[in-house]
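To start, the structure itself, in structure tokens.
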Amino acid sequence: MTKPMNNDITHHLSPQLLMAYSAGTLPEAFDLIVASHLSLCDQCRAEAESYDAVGGALLEDEPTAEMAEDSLAATLRMIRMGGEPDEPAPARPGTHVLPRPIRDYVGGDLDAVRWQNVGRGVRQALLPVNGDARARLLHIPAGTAVPDHGHQGLELTLVLRGAFSDTDGRFGPGDVEIADQEIEHTPVAEEGEDCICLAVTDAPLRFSGLMPRLAQPFLKI
Ligand SMILES: [Zn+2]
């Protein structure tokens, strides 16, 4: 797998999710999956940047608030001391299975993941995120079906390696499936390669108002 994945991505994030990400109102688990998809997808990154620009324009219209006298000096000092430099985007595919945002949680790439068996050869690793929303890596053996399930809330699944198919179509590396209460599905990992995904879910029964709530501060409605 050495070819660039950008052109292969056909399932993207929704404008609502990108807006909420830009506004900084997403639970940590959703923040993680959005950042991970953006590191693989030029199209969504460009869209997210356009929302950032809108947010910036809104900020410019806000009346200014005085900051402490030394804030500028302190910020410049922090910049000079340097922080973690951002990884140039898009991440080069083929070098890592896990995008940078996920590696930060795992403490390394795939070999650092501590898997737990959940049956039928499927393994999971919960990632330590704050809040009610959960983030987990899934390892689904090639040709294996994940037990049929519905959703009490919102579930996003980002494919990192391999592919799976369900009633919504085929999802390959970089693709993200957005599933809600309407969807009953039985994802089946494609033959030939084990499928590794990042899946995030919000708290049960909290979806109905979630997206409007998340977009609200940004849209100021
Ligand atoms: Zn995308």
### Task
Name all residues meeting the side chain to side chain contact (heavy atoms under 4.5 Å, CB included) criterion together with Ala189; count only those two or more places apart in sequence or in a different chain, and write none if there are none.
Ile140, Cys195
### Query
With side chains defined as the heavy atoms from C-beta onward, is the minimum distance between Pro15 and Glu47 less than 4.5 Å?
yes
### Task
Mind listing the closest non-hydrogen atom pair of Ala163 and Arg170 along with its distance?
CB-NH2, 3.5 Å
### Query
Between Thr25 and Phe30, does a side-chain contact (heavy atoms from CB on, under 4.5 Å) hold up when you go through it step by step?
CA-CA 10 Å; Thr25 54; Phe30 285 81; over 6 Å; no
### Message
Rounded to the nearest 0.5 Å, what separates atom OG in Ser50 from atom CG in Leu18?
### Response
8.5 Å
### Message
Let me confirm one number: the CD-OG1 distance from Glu191 to Thr144, rounded to the nearest 0.5 Å.
### Response
8.0 Å
### Task
Following the transitive rule for hydrophobic clusters with a side-chain heavy-atom cut-off under 4.5 Å over Ile, Leu, Val, Met, Phe, Trp and Tyr, establish whether Leu156 and Tyr51 coincide in one cluster.
yes
### Message
For a quick test of reading the model, state the closest non-hydrogen atom pair linking Gly172 to Val159 and the distance between them.
### Response
O-CB, 3.2 Å
### Task
Just do the side-chain contact (heavy atoms from CB on, under 4.5 Å) check on Glu177 and Leu158 with the steps written out, would you?
CA-CA 7 Å; Glu177 178 175 40; Leu158 171 67; over 6 Å; no
### Query
Rounded to the nearest 0.5 Å, what separation is found between the CG atom of Leu137 and the CD1 atom of Ile196?
8.5 Å
### Query
Under a single-linkage definition using a 4.5 Å side-chain heavy-atom cutoff for Ile, Leu, Val, Met, Phe, Trp and Tyr, are Val97 and Phe171 assigned to the same hydrophobic cluster?
no
### Message
Quick one, Arg103 and His96 - any side-chain contact, counting heavy atoms below 4.5 Å?
### Response
yes
### Task
Report yes or no: does Asp166 contribute a side-chain atom to a donor-acceptor pair with the main-chain N or O of Asp168 at less than 3.5 Å?
yes
## Note on the structure
Looking only at heavy atoms, the pair that brings Val200 and Ala29 closest together is CG1-O, 3.3 Å
#### Entry: Minimal non-hydrogen separation, Leu26 against Ala20, with atom names
CD2-CB, 3.7 Å
### Task
Treat each ILVMFWY residue as a node, draw an edge where side-chain heavy atoms are under 4.5 Å apart, and state whether Leu160 and Phe164 are in one component.
no
### Main-chain N/O of Ala133 paired to Asp202 side chain as donor or acceptor, under 3.5 Å
no
### Message
Please tell me whether Leu127 and Tyr21 are part of a single hydrophobic cluster in this structure, the criterion being side-chain heavy atoms less than 4.5 Å apart.
### Response
yes
### Query
At their closest point, which heavy atom of Ala125 faces which heavy atom of Val113, and how far apart are they?
CB-CG1, 3.5 Å
### Task
Treating Ile, Leu, Val, Met, Phe, Trp and Tyr as nodes and any side-chain heavy-atom pair under 4.5 angstrom as an edge, say whether Val176 and Met19 lie in one connected cluster.
yes
### Task
Would you please name every residue forming a side chain to side chain contact (heavy atoms under 4.5 Å, CB included) with Arg136, sequence neighbours left out?
Gln124, Leu126, Arg134, Leu138, Ala199, Thr201
### Query
Would you say Asp194's side chain and Ala142's backbone share a donor-acceptor pair under 3.5 angstrom?
yes
### Heavy-atom pair of closest approach, residues Pro173 and Ile9
O-CG1, 3.9 Å
### Task
Output the distance between atom NE2 (His37) and atom NE2 (His12), rounded to the nearest 0.5 Å.
6.0 Å
#### Entry: Inter-residue atom distance Ile178.CD1 - Ser14.OG, 0.5 Å rounding
4.5 Å
### Query
Can you check whether Leu98's main-chain N or O pairs, donor with acceptor, with Asp109's side chain at less than 3.5 Å?
yes
### Task
First locate atom OG of Ser22, then atom CG of Leu17, and finally report the distance between them rounded to the nearest 0.5 Å.
12.5 Å
### Task
Return yes if some donor-acceptor pair links the side-chain N/O of Asp175 with the main-chain N/O of His11 below 3.5 Å, else return no.
yes
